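Here's the structure, in structure tokens; my notes come after.
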Amino acid sequence: MIPISDWNGLRLILSETKLVGSISIGKFLVNTGQTYYETICSRRGPGMSQVRVRFAPSPTGYLHIGGVRTALFNWLFARHEKGVFVLRIEDTDLERSTPEAIRAILDGLKWVGLDWDEGPIFQTQRLAIYKEHADRLIAADKAYRCYCTEEELEVRRKEALARKQVVKYDGRCRTRTGPAPSGILPAVRFFSPQSGETVVNDLVKGAVSFDNTQLDDLIILRSNGMPTYNFGAVVDDALMRITHVIRGDDHLNNTPRQILLYQALGYEPPRFGHLSMILGIDKVKLSKRHGATSVLEYQEEGYLPEALVNYLVRLGWSHGDEEVFSLSELIDNFTLENITKSAAAFNPEKLLWLNSHYMKMADAKRLAGLVVPLMKQRGVLSEGSSLDQTWFERLVKVLQERSRTLLEIVDGAEPFMTDPVTVDPEAAKKFLTEAIRPALIKLLRTLERVSVFEHDTLEAAFKSVLAETGLAMGKLAQPVRVALIGRTASPGLFDVMSLLGRDRTLERLKRAIDLIK
RNA sequence: GUCCCCAUCGUCUAGUCUGGCCUAGGACAUGGCCCUUUCAAGGCUAAAACACGGGUUCAAAUCCCGUUGGGGACACCA
């Protein structure tokens, strides 16, 4: 339940995030949704057939990865068709909607770069519109007031289930006459036709027909005045002139009911396209036990938004053999015809591969900026400390080639950030041996005479030690690596030394030599 | 219980609508080799699929029917 006072907090969130285009949020919240849409629609000339799509999440939890894909497909379709992408928040479930969830949705969309042209529009701001539409249906004998209580209905549903009968409203208030029972706030039910069939010409599934006897008299307006999903969506999609409803597969069964509502209301239905579900790696519905299912978790785990977008778009859509797409390539090539009908399993490995690809492509400066907060968060960099930007970007540059996520950069950067280095005991045992000690000392002496710590001069110095000692590159490199970084894996040695700089390199070498004693 | 959807390598998919070009292509992951100062990356290479059964046809991954399997929906949730 969102108390009215919280809506001020929400407005704060919205203006803070500045996610809205030309229409200011403050103004929107002052306006009713109705006047807003009257303005929009009056701006549109007659005969315009511009594509208008929407993403309409309910703010009852984090923004799910499947929701992001739905939003992405809508967004790409809108951009490809030079149409309009509307964001509508379906917050009519007062029990479960929260301002935090609204924020999570906006933040999530913002992170993956899906911007909207209109909205966010809140259904709870438009209650008068739904009521007016419901009244219209009642007046036309297409809907009726139902005085059955939730408890009664629950009992009947359970009975039907127990007797293995069809779970359907029995229609007892259809023909109710006489005075209204006192003390009961009625809900409004739709008179659902009980004969014929309703066909959905789905853009991805093809023609799907439903026997109308399967459909029952659904509630369109709850006793508390809130519209139910099917009604709110229909009224809004009609009024907002949505041309294509692209949404999850789980709504296919709702579509015939919605088409019937469009017809009763005298509105023309949009085109529908139902996207198959995203399943977990084990082929069952994606859930928390598969790991991250909220978009923002991917941000926290060091993924790049373009990698997630690229991964998600290939889950259920394809363009020949291509795997890697820039945003503009996606916009150019995205069409509804190439959407797959079957459900897809989420494969974290492939996402990781795409992420490492984009990590290599990315500008080091940008990555550096993304990594710093993560380092602070993980204690690799202390809160107040300042960084040499140029130096840090150089470090990021050598790490980004071998990191699959930003978190791996953080990990790889760690030995460069703090002194003294933590040396892995296993590595020390294997490589910092008595036998190699003389060579390390020789290297130390040689490096002491090197004044400019750059890749090429360091390489020359190192090679001279190899020549003197007769050691193979590999024999000396690993012990030195362990001495400098404390681990057996790192960027190239000469990059490491030049990044560490003269003082720290010599110091770490000395310390390793002492350690062997 | 009722209704709806789906079915190509382990996974994402191309091919299916408009049957022959399919000895089924690509990508991730996996194995091998090469490169190599480590780890990655990269290059080459291998293994790996038309769920099953019936039709239709000269010809079926592709069209039709059935079976099986998987998924979804049946709320005063969306």
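Naming convention: chains lettered A, B, ... in sequence-line order (proteins, then strands); numbering from 1 in each chain. Computed from a prediction, not measured in an experiment: that's the story for all the values here.
- Here, B:rG15 and B:rG20 have their P atoms 13 Å apart, quoted to the whole Å.
- The 5' end of RNA chain B is approached more closely, in terms of each residue's nearest nucleotide, by A:E401 than by the other of A:E401 and A:L153.
- Note on A:T228: only backbone sugar-phosphate atoms sit closer than 4.0 angstrom, heavy atoms only; bases stay farther off.
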**OP:** Apply side chain to side chain contact (heavy atoms under 4.5 Å, CB included) to A:R437 and A:K442, showing your working.
**Re:** CA-CA 9 Å; A:R437 194 160 177 266; A:K442 200 169 275 294; over 6 Å; no
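- Using a 4.0 Å heavy-atom cutoff across all strands shown, A:K360 reaches sugar-phosphate atoms only and no base atom.
- For A:T488 and B:rC39, the shortest distance from a side-chain N or O to OP1 or OP2 is not below 4.0 Å.
- Using a 4.0 Å heavy-atom criterion, one finds that A:E150 contacts the bases of the nucleic acid, with or without backbone contacts as well.
- Across all strands shown, A:D202 has no heavy atoms under 4.0 Å from either base or sugar-phosphate atoms.
- Look at A:D237 and A:R88 and you find a salt bridge, because one of the NZ, NE, NH1 or NH2 atoms lies within 4.0 Å of a carboxylate O, short of that distance.
- Comparing the P positions of B:rA61 and B:rA24 gives a spacing of 11 Å, expressed to the nearest Å.
- Contact check, A:K350 against B:rU11: no side-chain N or O comes under 4.0 Å of OP1 or OP2.
- Note on A:R487: nothing from the nucleic acid sits closer than 4.0 angstrom, heavy atoms only.
- Side-chain N/O atoms of A:R96 include none lying less than 4.0 angstrom from OP1 or OP2 on B:rA78.
- Aromatic pair A:Y229/A:H251: ring centres closer than 6.0 Å.
- Across all strands shown, A:C146 has no heavy atoms under 4.0 Å from either base or sugar-phosphate atoms.
- Counted within 6.0 Å of CZ on A:R404, heavy atoms from surrounding residues, nucleotides or ligands total 12 or fewer; the atom is thus considered open.
- Nucleotides B:rC28 and B:rC9 are separated by 12 Å at their C1' atoms, to the nearest Å.
- With P as the reference atom, B:rG66 and B:rA27 are 38 Å apart, rounded to whole Å.
- For B:rA78, neither phosphate oxygen OP1 nor OP2 lies less than 4.0 angstrom from any side-chain nitrogen or oxygen of A:R257.
- Atom name P, nucleotides B:rG69 and B:rC22: the rounded distance is 35 Å, in whole Å.
- Using a 4.0 Å heavy-atom cutoff across all strands shown, A:L252 reaches sugar-phosphate atoms only and no base atom.
- As judged by a 4.0 angstrom heavy-atom cut-off over every strand, A:L315 is placed among residues touching the sugar-phosphate backbone only.
- For the residue pair A:T70/A:R247, the side-chain donor-acceptor check at 3.5 Å is not satisfied.
- Using a 4.0 Å heavy-atom cutoff across all strands shown, A:G232 reaches no nucleic acid atom at all.
- Rounded to whole Å, the P atom of B:rU30 lies 16 Å from the corresponding atom of B:rG10.
- Nucleic acid contact class of A:S356 (heavy atoms, under 4.0 Å, all strands): none.
- Here A:E323 lies in heavy-atom contact (under 4.0 Å) with a base.
- Scanning for ring pair (Phe, Tyr, Trp, His ring centres under 6.0 Å) contacts around A:F462 gives A:F494, with sequence neighbours left out.
- If you check every strand for non-hydrogen atoms under 4.0 Å, A:S342 touches sugar and phosphate atoms only.
- For B:rG72, its base never sits under 3.5 Å from the side chain of A:D249 at any donor and acceptor pair.
- Contact annotation for A:P491: base contact, defined as any heavy-atom pair under 4.0 Å involving a base atom.
- When heavy atoms are screened at a 4.0 angstrom cut-off, A:Y311 is found touching no nucleic acid atom at all.
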